[in-house]
Amino acid sequence: MISLDRQMLDWFGGHGEHLSWPVSTALNGPGEAQDSGCTPRGRHYVRAMVGWGKPEGTVFVARRPTGETWSPELSRHYPQRDWILSRIIWLCGLENGFNRGPGVDSFRRFIYIHGTPDTEPMGKPRSHGCIRMRNRDVIELFDRLVAGTPVIIEPGPRPVNQEQ
């Protein structure tokens, strides 16, 4: 469960387990439209997981490790990069016409839960649409998930269809 209002991710496991981590979602707020830079809402599932066994801070571009490990020096050398680090949890929407399908598809929008430099603030919307986490946190979450795990992104107010 990801709360856009609280900027928190809550994981619920078997036997009453519950863990919470701060996140950073889209600077542009909630929304489902392609190229909006918004974080999509609603019911999703984990479609793919990338980064098994990679060291903390591994840099990914197009879901492939670059062979680099993030550092402040590397960051200064590439100041415009949107850093995707450590692990990628790729989400797919489950709601046709809302977060799945033409123009709103979370999977085709490359919406991930992923690691980010520890210099980036958590608890404040700053991403380009993805859900950013601290590297250690995303690794801890990743190790508890399997493909197919349900993910809900809240809050709920959805656009009202104005056509009657």
Side-chain angles (χ1 to χ4, degrees), residues 1-4 7-13 17 19-41 44-94 99-100 102-153:
M1 181 85 60
I2 298 165
S3 169
L4 301 180
Q7 294 291 292
M8 293 292 292
L9 185 151
D10 290 293
W11 173 83
F12 301 92
E17 296 172 282
L19 296 171
S20 294
W21 298 278
V23 298
S24 176
T25 61
L27 180 62
N28 290 349
E32 292 67 42
Q34 183 75 36
D35 301 322
S36 66
C38 295
T39 299
R41 296 161 292 177
H44 292 79
Y45 71 95
V46 174
R47 174 83 179 263
M49 299 173 67
V50 179
W52 290 105
K54 295 293 181 195
E56 182 178 326
T58 295
V59 176
F60 292 91
V61 173
R63 295 161 309 284
R64 302 216 189 305
T66 64
E68 302 163 307
T69 300
W70 186 89
S71 68
E73 295 77 28
L74 186 64
S75 183
R76 282 192 293 278
H77 191 59
Y78 297 102
Q80 298 306 313
R81 272 196 193 173
D82 180 19
W83 297 98
I84 297 174
L85 306 177
S86 299
R87 302 290 185 273
I88 297 171
I89 301 164
W90 196 352
L91 302 180
C92 185
L94 285 167
N99 59 27
R100 184 179 184 123
V104 294
D105 200 283
S106 294
F107 185 72
R108 291 187 183 126
R109 289 181 59 204
F110 303 100
I111 298 298
Y112 311 141
I113 302 169
H114 66 80
T116 197
D118 287 341
T119 56
E120 291 295 314
M122 289 295 113
K124 297 180 181 181
R126 296 282 296 268
S127 83
H128 300 127
C130 288
I131 296 96
R132 295 178 178 173
M133 295 181 74
R134 294 268 173 254
N135 291 298
R136 286 192 180 127
D137 294 348
V138 78
I139 291 169
E140 187 177 2
L141 174 65
F142 187 96
D143 290 346
R144 288 171 162 74
L145 300 179
V146 295
T149 299
V151 176
I152 298 172
I153 303 174

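Within the 3.5 Å criterion, the main-chain N or O of T69 finds no donor-acceptor partner in the side chain of T58. Here the side chain of W70 pairs no donor or acceptor atom with the backbone of V59 at under 3.5 angstrom. R134 places no side-chain N or O within 3.5 Å of a backbone atom of P22 that could act as its donor or acceptor partner. R132 contributes no side-chain N or O that, together with a main-chain N or O of P117, makes up a donor-acceptor pair within less than 3.5 Å. In this structure, S86 contributes its side chain and G57 its backbone to a donor-acceptor pair below 3.5 Å. No donor-acceptor distance shorter than 3.5 angstrom exists from the side chain of D105 to the backbone of N99, with no hydrogens or angles considered.
Counting heavy-atom neighbours within 6.0 Å of R81 CZ, excluding the residue itself, gives a total above 12.
Between the side chains of Q7 and T25, at least one donor N or O lies within less than 3.5 Å of an accepting N or O.
In plain terms, the two heavy atoms of R87 and G53 that are nearest each other are NH2-N, 3.9 Å. Heavy-atom minimum distance, C38 versus P30: CB-C, 3.7 Å. Scanning all heavy atoms of the two residues, the minimum distance from E32 to R109 falls at O-NH1, 3.3 Å. Closest approach of W83 to Y78, counting heavy atoms only: CZ2-O, 3.7 Å. The minimum heavy-atom distance linking H44 with S106 is given by the pair NE2-OG, 2.9 Å.
A salt bridge between R136 and E140 is absent, with no side-chain N of the basic residue lying under 4.0 Å from a carboxylate O of the acidic one.
The CD1 atom of I88 sits 11.5 Å away from the CE atom of M49 when rounded to the nearest 0.5 Å.
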